[in-house]
Amino acid sequence: LSQQTVAKLVLLGEMGSGKSSLVLRYVKGQFFDYQASTVGAAFLTKTLPELNVKFEIWDTAGQERYHSLAPMYYRGAAAAVIVFDITSADSLNRAKSWVRELQRQGNPNMIMALAGNKADLEAQRAVSTEDAQAYATENGLFFIETSAKTAANVNDLFQEIATRLPKA
Ligand code: GTP
Ligand code: MG
């Protein structure tokens, strides 16, 4: 039997972009219209038996006053999901600044995914798929649009990361 790959995964991104909702959808299959803003960070795990992978997930708080804590969560992480909200151009700018911070200070082998969340809110879209994809390609990120509300692409986001992990 091959050894289990244990992978630390961190979610970063603007407050309200949907980090906790994505994790809750992925790990527990739940979604709440009124999801409480995260204080500090939350920790959850998810095992993928078919790939023999265990994710140790750190869901960080997006509020600016927690920014200084972030390195504790991304240090040693095998993967980072940087989340923005497709209805907010500001949230994409915040995502780009997280990418720059990880490029400067993160693990150089880190798998980085850019998630354009709230894809169900197409009528309020403020960031085009093309612009986000072009930015992701330039920076070597894997890009996917998700909806924690409808569950669209949520499994695919984490599954893609799992398949890219170096195996134990
Ligand atoms: P912080 O913990 O403050 O950093 O926020 P967060 O990034 O964890 O966002 P959270 O998951 O708390 O979601 C913020 C709000 O957006 C909540 O009211 C969610 O219900 C809503 N939300 C999250 N994901 C989606 C989505 O895919 N679609 C829609 N329509 N709403 C979403
Ligand atoms: Mg949260």
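Atoms within a ligand are numbered from 1 in the order they appear, just like the ligands themselves.
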inquiry  = Closer than 4.0 Å to some heavy atom of Phe32 - which atoms of ligand 1 meet that?
reply    = 19 (C), 20 (O)
ask   = Given that the side chain starts at C-beta and the backbone is N, CA, C, O, which of these parts of Leu121 lies under 4.0 Å from ligand 1, counting heavy atoms, or is it both or neither?
value = side chain
task = Check each atom of ligand 1 against the heavy atoms of Glu14 and keep those under 4.0 Å away; list them by number with element.
result = 7 (O)
key: Phe142 side chain reached by Leu157 side chain, heavy atoms, under 4.5 Å   = yes
query = Regarding Ser91 and Ser17, is there a side-chain donor-to-acceptor distance under 3.5 Å anywhere?
reply = no
ask   = For ligand 1, which atoms have a heavy atom of Ala148 less than 4.0 angstrom away?
value = 24 (N), 26 (C), 27 (O)
ask   = Just which atoms of ligand 1 are under 4.0 Å from any heavy atom in Gly62?
value = 1 (P), 4 (O)
ask   = For ligand 1, which atoms have a heavy atom of Thr38 less than 4.0 angstrom away?
value = 1 (P), 2 (O), 3 (O)
query = Got the closest protein heavy atom to atom 18 (O) of ligand 1, with its distance?
reply = Asp33 O, 2.8 Å
Close side-chain approach of Lys96 and Asn139, heavy atoms under 4.5 Å = no
Ligand 1 to Ser20 polar contact by distance, N or O atoms, under 3.5 Å = yes
request  = Between Ala61 and ligand 1, find which residue part has any heavy-atom pair under 4.0 Å and reply side chain, backbone, both or neither.
outcome  = backbone
ask   = Counting heavy atoms only, which of Ser147, Ser21, Ala152, Gly116 comes nearest to atom 11 (O) of ligand 1?
value = Ser21
query = Glu101 versus Leu12: any side-chain heavy-atom pair under 4.5 Å?
reply = no
request  = On the 0 to 90° scale, with breaks at 30° and 60°, tag the Phe158-Tyr26 ring pair as parallel, tilted or perpendicular.
outcome  = parallel
ask   = How close do Val27 and Thr45 get, heavy atom to heavy atom, and via which atoms?
value = CG1-O, 3.6 Å
task = Say whether, by atom type as modelled, one donor and one acceptor occur between the side chain of Lys46 and the main chain of Val23 under 3.5 angstrom.
result = no
key: Side-chain donor or acceptor of Asp131 paired with backbone N/O of Val127 under 3.5 Å   = no
inquiry  = So for Gly13, does at least one of its heavy atoms come nearer than 4.0 angstrom to any atom of ligand 1?
reply    = no
inquiry  = Any side-chain to backbone donor/acceptor pair from Thr60 onto Leu11? Under 3.5 Å, distance only.
reply    = yes
ask   = Can you find a heavy atom in the side chain of Val39 that is under 4.5 Å from one in the side chain of Tyr66?
value = yes
The Mg ion (ligand 2) reached by Gln35 (N, O or S, under 2.8 Å) = no
key: Closest protein heavy atom (residue, atom, distance) for atom 9 (O) of ligand 1   = Gly18 N, 3.1 Å
key: Under 3.5 Å side-chain donor-acceptor pair for Thr87 and Asp85   = yes
ask   = Would you say Lys118's side chain and Gly18's backbone share a donor-acceptor pair under 3.5 angstrom?
value = no
task = Specify side chain, backbone, both or neither for Phe31, according to which of its non-hydrogen atoms lie closer than 4.0 Å to ligand 1.
result = side chain
task = Ignoring hydrogens, just give me the one of Val83, Asp120, Asp59 whose non-hydrogen atom is nearest atom 30 (N) of ligand 1.
result = Asp120
request  = Inspect the surroundings of NZ in Lys28 and state if more than 12 heavy atoms from other residues, nucleotides or ligands are less than 6.0 Å away.
outcome  = no
ask   = For atom 5 (O) of ligand 1, which protein heavy atom lies nearest, and how many Å away is it?
value = Gly16 N, 2.9 Å
remark   = Among Glu145, Lys118, Lys19, Gln124, closest by heavy atom to atom 16 (O) of ligand 1 is Lys118
task = Name the closest protein heavy atom to atom 12 (O) of ligand 1, giving the residue it belongs to and the distance to 0.1 Å.
result = Gln35 CG, 3.1 Å
ask   = What do we get for Asn117 next to ligand 1 when only non-hydrogen atoms under 4.0 Å count, side chain, backbone, both or neither?
value = side chain
message = Below 2.8 Å, can you find an N, O or S atom of Ser20 next to the Mg ion (ligand 2)?
response = yes
task = Considering only non-hydrogen protein atoms, determine which one is nearest to atom 3 (O) of ligand 1 and report residue, atom name and distance to 0.1 Å.
result = Ser37 OG, 2.6 Å
